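Worksheet for the structure shown next.
What you see is a predicted model, and the numbers here were worked out from it, not measured in a lab.
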Amino acid sequence: MPLEALRPSPLVEQAAQRLRQQIAAGHWPVGGKLPGETTLARELGVGRSTVREALRALAGAGLVRPRHGAGVFVIATEPAEDWPARLRRAAVTDVYEVRMGVEVQAARLAAHRRTPQDVEALRAALDGRRAASAGDDAEFIDADIALHTAVVTAAHNPVLADLFTEFAPVLREGLVTLLDLTRLRERDPNTRDDSHAALVGAIADGDAERAAEVLTAELEETLELLRGRAD
């Protein structure tokens, strides 16, 4: 299938789209080498700089990979799905299982690394969670996640913090739904305050194993509820 010349504006996006279509159609199979920049520029009716930027966009999407001195090769026919997109379509129970590994380790590290400012932030977040118990489920979950975020922040590990930030939107949606379905807060508006207070206390006291134990028990209990709703 021959390439057609492009219309003006915006050329890079048009070039990338046209090349993506050719790859998806199998015109250049996985493992195959794309024509050189000069050839592509001539067939698309654009300059080499436009082709170069389009190829960078395809590389960023995980479709092609340049090899120094050899050219640009096709490595996939569909764009790589980014991490946030995968999380959005993942089951909340799957995300929660990974959350447990991330956050329990963060709690251990927080007990070792917390600063006076971290402890102050944890206690403020606990107070915020208690205050939010007077609000609706969404407000309460936002305050709950803020407390757990303070735990992860106190671990002083940017990778753990970034992972938890990516999880948070999926967790929030799943937990708000869980509260709505179970009506847990009708019986106890500040549900699990005791375990959250124990978690903050363990981190403040520098008791890593106690912090991990308290958090593991709390998260496992919630995970069982989520699994029950998924069945």
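- Remark: the backbone N or O of A161 is paired with a side-chain donor or acceptor of T165 at under 3.5 angstrom.
- The heavy-atom pair separating L219 from V104 by the smallest distance is CD1-CG2, 4.3 Å.
- We find the CD-OH distance between E103 and Y96 to be 7.5 Å, quoted to the nearest 0.5 Å.
- Within the 4.5 Å cutoff, the side chain of S133 has no heavy atoms near those of the E139 side chain.
- Within the 3.5 Å criterion, the main-chain N or O of T149 finds a donor-acceptor partner in the side chain of T153.
- Nearest heavy-atom pair across L199 and V214 is N-CG1, 3.9 Å.
- A salt bridge does not link E120 with R123: none of the charged nitrogens is closer than 4.0 Å to a carboxylate oxygen.
- In this structure, CG on L175 lies 10.5 Å from CG on L184, to the nearest 0.5 angstrom.
- Remark: side-chain polar atoms of K33 are paired, donor with acceptor, to backbone N or O of A70 under 3.5 angstrom.
- Of the N and O atoms on the side chains of R192 and T222, at least one donor lies less than 3.5 Å from an acceptor on the other residue.
- Heavy-atom minimum distance, P35 versus L40: O-CD1, 3.5 Å.
- Between L63 and R20 the shortest side-chain heavy-atom distance falls below 4.5 Å.
- Nearest approach of V74 to P29, heavy atoms of both residues: CB-O, 3.4 Å.
- At least one cation-pi condition fails for R99 and F164: the charged atom is not both under 6.0 angstrom from the six-membered ring centre and inside a 45 degree cone around its axis.
- Here the CG atom belonging to L226 is positioned 9.5 Å from the OG1 atom belonging to T177, to the nearest 0.5 angstrom.
- Applying the salt bridge (Lys or Arg N to Asp or Glu O under 4.0 Å) definition to pairs two or more places apart or across chains, those involving residues 141-153 are R129-D144, D142-R172.
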message: For a salt bridge (charged side-chain N to carboxylate O under 4.0 Å, His left out) check, start with the C-alpha distance between R227 and E97, then their side-chain angles and the critical distance, and finish with the verdict.
response: CA-CA 11 Å; R227 284 173 175 156; E97 288 173 353; 2.6 Å; yes

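- In the hydrophobic clustering of ILVMFWY residues, with side-chain heavy atoms under 4.5 Å counting as a link, L19 and F73 come out apart.
- In this structure a side-chain-to-backbone donor-acceptor pair under 3.5 Å is missing from D205 to D207.
- Each of D136, D137, N190 was checked for a side-chain hydrogen bond (donor to acceptor under 3.5 Å, both in side chains) with R185, and the lone residue meeting it is D137.
- Between the CG atom of L55 and the CZ atom of R65 there is a distance of 14.5 Å, given to the nearest 0.5 Å.
- Within the 4.5 Å cutoff, the side chain of L122 has heavy atoms near those of the L147 side chain.
- At a threshold of 4.5 Å between side-chain heavy atoms, the hydrophobic network of Ile, Leu, Val, Met, Phe, Trp and Tyr places V170 and V102 in one connected group.
- Considering every non-hydrogen atom in both L215 and A107, the closest pair reads CD2-CB, 3.8 Å.
- Contacts classified as side-chain hydrogen bond (donor to acceptor under 3.5 Å, both in side chains) and involving residues 106-115 (residues at least two apart or in different chains) are given here: T115-Q117, T115-D118.
- Considering only heavy atoms from C-beta on, D193 comes within 4.5 Å of L126 through its side chain.
- Sorted by first and then second residue, the ring pair (Phe, Tyr, Trp, His ring centres under 6.0 Å) pairs with a member in residues 176-204 read H148-H196; sequence neighbours excluded.
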